[in-house]
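Encoded as structure tokens, the structure appears first; notes follow it.
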2 protein chains.
Amino acid sequence: MDDRARHLLKSLIEQHISSGHPVGSRQLAKDAGLAISAATVRNVVADLEDAGYVVAPHTSAGRIPTPLGYRFFVDSLIHVTPLSGSFQRMLLQRIGAHLPDAEEVLQATTAMLSELTHLVSFIRVPKRAHQILRHVDFIALRENEVLAIFVTDRGEVENRLLRTESPLSPSVLTQAANFFNASYGGRPLQEVIAQLEEDLLRSRAEMDQILRNAMELGKEMLMADQQGMMVDGELQLLDIPDLADGPRLRELLRTIRQKRELVMLLDGCVQSSSVRLFIGGESGLAPLSDFTLVSAPYHVDGEPVGVIGVLGPLRMPYPEIIPLVDGTARLLGQALSRTSLPSP
Amino acid sequence: MDDRARHLLKSLIEQHISSGHPVGSRQLAKDAGLAISAATVRNVVADLEDAGYVVAPHTSAGRIPTPLGYRFFVDSLIHVTPLSGSFQRMLLQRIGAHLPDAEEVLQATTAMLSELTHLVSFIRVPKRAHQILRHVDFIALRENEVLAIFVTDRGEVENRLLRTESPLSPSVLTQAANFFNASYGGRPLQEVIAQLEEDLLRSRAEMDQILRNAMELGKEMLMADQQGMMVDGELQLLDIPDLADGPRLRELLRTIRQKRELVMLLDGCVQSSSVRLFIGGESGLAPLSDFTLVSAPYHVDGEPVGVIGVLGPLRMPYPEIIPLVDGTARLLGQALSRTSLPSP
DNA sequence: AATTGGCACTCGTTGCGTTAGAGTGCTAAC
DNA sequence: GTTAGCACTCTAACGCAACGAGTGCCAATT
């Protein structure tokens, strides 16, 4: 493909992104800024169609980009410019306003991303496997109910009500908690679970029951990761005039709701070095085939722990969206990292 | 209004609820089961229109009920039959499956209600004011960060990261927690807050800082009540063919999102003796004027603590919806009450 | 060999008149 | 008080023609 064709394809896609309509040869010739007639444009565009980058919705209409066309566009036709320093500072301020509560930070970040992009945004929550178990508590609530509380070094708290077969006295519970803290405290959650599993096989002490329950709670905490995803801005989807309602939108919303598939998709991006796009059917998920997903992993203390992203129509302003998602991911990681806390 | 008119109005509304179309005199005469001609029906319906119970969308169409018509319908034309025992047992089983975790119970209940009614459902979460503070913990996470954890007798846990000005040793924190538990434990949250406020004025001890923070956490727990609402089934709104998209739907979704107004509305129903309906504009909230809200308070241990409800188009199957909401409220209260727990 | 203007052709969109049907209100008869 | 009949109204659906945007192709031009 020669230079002129690339330029025309770029111009065509840009026009279609901003107008939403199919782009005709006449308009394209005018807007591309080339000293070229509409007829010549037609020839070139016909080649682009043969190559699969654009299609005509019907015989006598202009062309619109195919997913392949968008892919080529983002890969080879545009170069994204990083966010300006002042803009970054603004975002960071907005994200960081909710420190030190990590959950609130995540919520604020999705809300912000959705607002800035006018798209649905989501965050794959940070993995907990490497968080360190800081504290465990067993609290007697009523006769046969014990509340188990796990606290990690990042301030995440998970709790669960346990039913016990026989009433346990507060002193037994305190003892159990002390033992627990001594044995398992200060170690990564993942290790704790493994250790618990092993210990349970060996010992058959009277604490079995509470140990077992605690282990399950620990497992649940890790398990929660497997469906930990925050979504914001679903309403933005209703504002897309193109696919206004249609069954595809329904399908998409349901997919977002169910999370499972999306989470699997996102988890494949955690190790990516940078921003990553799934345009149209590239994700392999049927309900996404009319949409584009832009994702970027974020790192906490150097470890890639989660992914943020936005989801919208194929026709989205990529040159703005991509740096926004990328930048937000970096800033989020920065905000959540230990080093971000002001030293005393 | 005579008996026949009542019968016709009832029949008209039932037909419109099931078909969604305006109901004409011919159809109505046939379906009402009266030995009456269409012409007679026309006369009666004309009176009903004068009385404001029905309107004709345009000159040569049948009639559809007005909000006033629906109001009369639910007040005087139908009598709701309670849910069957076996059905109640089924629901209770589904609700209770998630005990003893109250939060999960609430979530399961909204999901169930939404699924059964095919409407948006929501729950005003139980008020915490009367819950008893069972346990407080202060945990040192890092240099200047302390995690405060409050536990109530119902197993609700709230936590918050506090920044302290100077590093606090674990022993100081333990001491603080012990003091806290001894002074304030076992009392209703509301009292705890009041007491804290008072104590803070008097003492100027070194614990001031942590006390103050703890008080704020306690306040936050109560405050959280003020916007505590769960929503499920927003997607159901998209299935309403009538107002398919339109700006009203958007407006409604936004209102649901913002919660504030809805929460205020619902709070007005906590003291109601039973199920309560807001048909059309009756709520005074403009975005609800094309919808009906059905709410019912639920009681925990005899105290009215929250409200559940559904939201849908004016044209909803009231004779099914009303007992469903009412029954679910009762069962939810039952599930959450202490007495529902199997005694040892 | 690439480019361009011209031209016939296609097809979606828009606007308009026509028709069919449903339903009403009214009146006169029962 | 009820009913049948009838003229009238209004919407929804359909068909049709005009319009215009856009294409593809060909022959002429550079």
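Naming convention: chains lettered A, B, ... in sequence-line order (proteins, then strands); numbering from 1 in each chain. Quick caveat: nothing in here was measured; it's all calculated off a predicted structure.
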Provide, to the nearest angstrom, the distance between the CG atom belonging to A:Leu28 and the C1' atom belonging to D:dA21. 15 Å
Measure CG/A:Asp50 against P/D:dT23 and give the value in whole Å, please. 14 Å
Mind checking the CZ-CD1 spacing from A:Arg4 to A:Ile36? Nearest 0.5 Å is all I need. 4.0 Å
Round to the nearest Å and state the distance from A:His21 atom NE2 to D:dA21 atom P. 13 Å
Taken to the nearest 0.5 Å, the spacing of B:Leu9 CG from B:Asp47 CG works out to 12.0 Å
Pull out every protein N or O sitting under 3.5 Å from an N or O of nucleotides 5-9 of chain C, one pair per line with the distance.
| unit_1 | atom_1 | unit_2 | atom_2 | d |
| --- | --- | --- | --- | --- |
| C:dG6 | O6 | A:Arg42 | NH2 | 3.4 |

State, with a plain yes or no, whether a side-chain heavy atom of B:Leu311 is found less than 4.5 Å away from one of B:Leu119. no
A:Lys30 NZ to D:dA21 P, in whole Å, measures 11 Å
OP1 or OP2 of D:dT23 versus the side-chain N and O atoms of A:Arg26: is any pair under 4.0 Å? no
Roughly how far, to the nearest 0.5 Å, is the CG atom of B:Asp326 from the CG atom of B:Leu331? 9.5 Å
Could you check whether A:Ala35 gets within reach of a base, just the sugar-phosphate, or nothing at all, counting any heavy atom under 4.0 Å? sugar-phosphate
Should B:Ser60 be listed as having a side-chain N or O under 4.0 Å from OP1 or OP2 of C:dG21? no
Whole-Å gap separating P (D:dG24) and CG (A:Leu48): 12 Å
Which whole-number value in Å describes the distance from A:His16 NE2 to D:dG22 P? 13 Å
Whole Å only: how far is the CD atom of B:Gln27 from the P atom of C:dT24? 11 Å
DNA chain C: 5'-proximal contact among A:Thr59 and B:Glu49 (nearest heavy atom): A:Thr59
Can you tell me how far apart CE (B:Met316) and CG (B:Leu277) are? Round to the nearest 0.5 Å. 7.5 Å
Between C:dA2 atom P and A:Arg4 atom CZ, what is the distance in whole Å? 10 Å
For the residue pair B:Tyr318 and B:Tyr70, categorise the inter-ring angle as parallel (less than 30°), tilted (30 to 60°) or perpendicular (more than 60°). tilted
Between A:Arg257 and B:Glu234, does any NZ, NE, NH1 or NH2 come within less than 4.0 Å of an OD or OE carboxylate oxygen? yes
Given that B:His58 and B:Thr40 both sit by DNA chain D, which one's nearest nucleotide is further toward the 5' end? B:Thr40
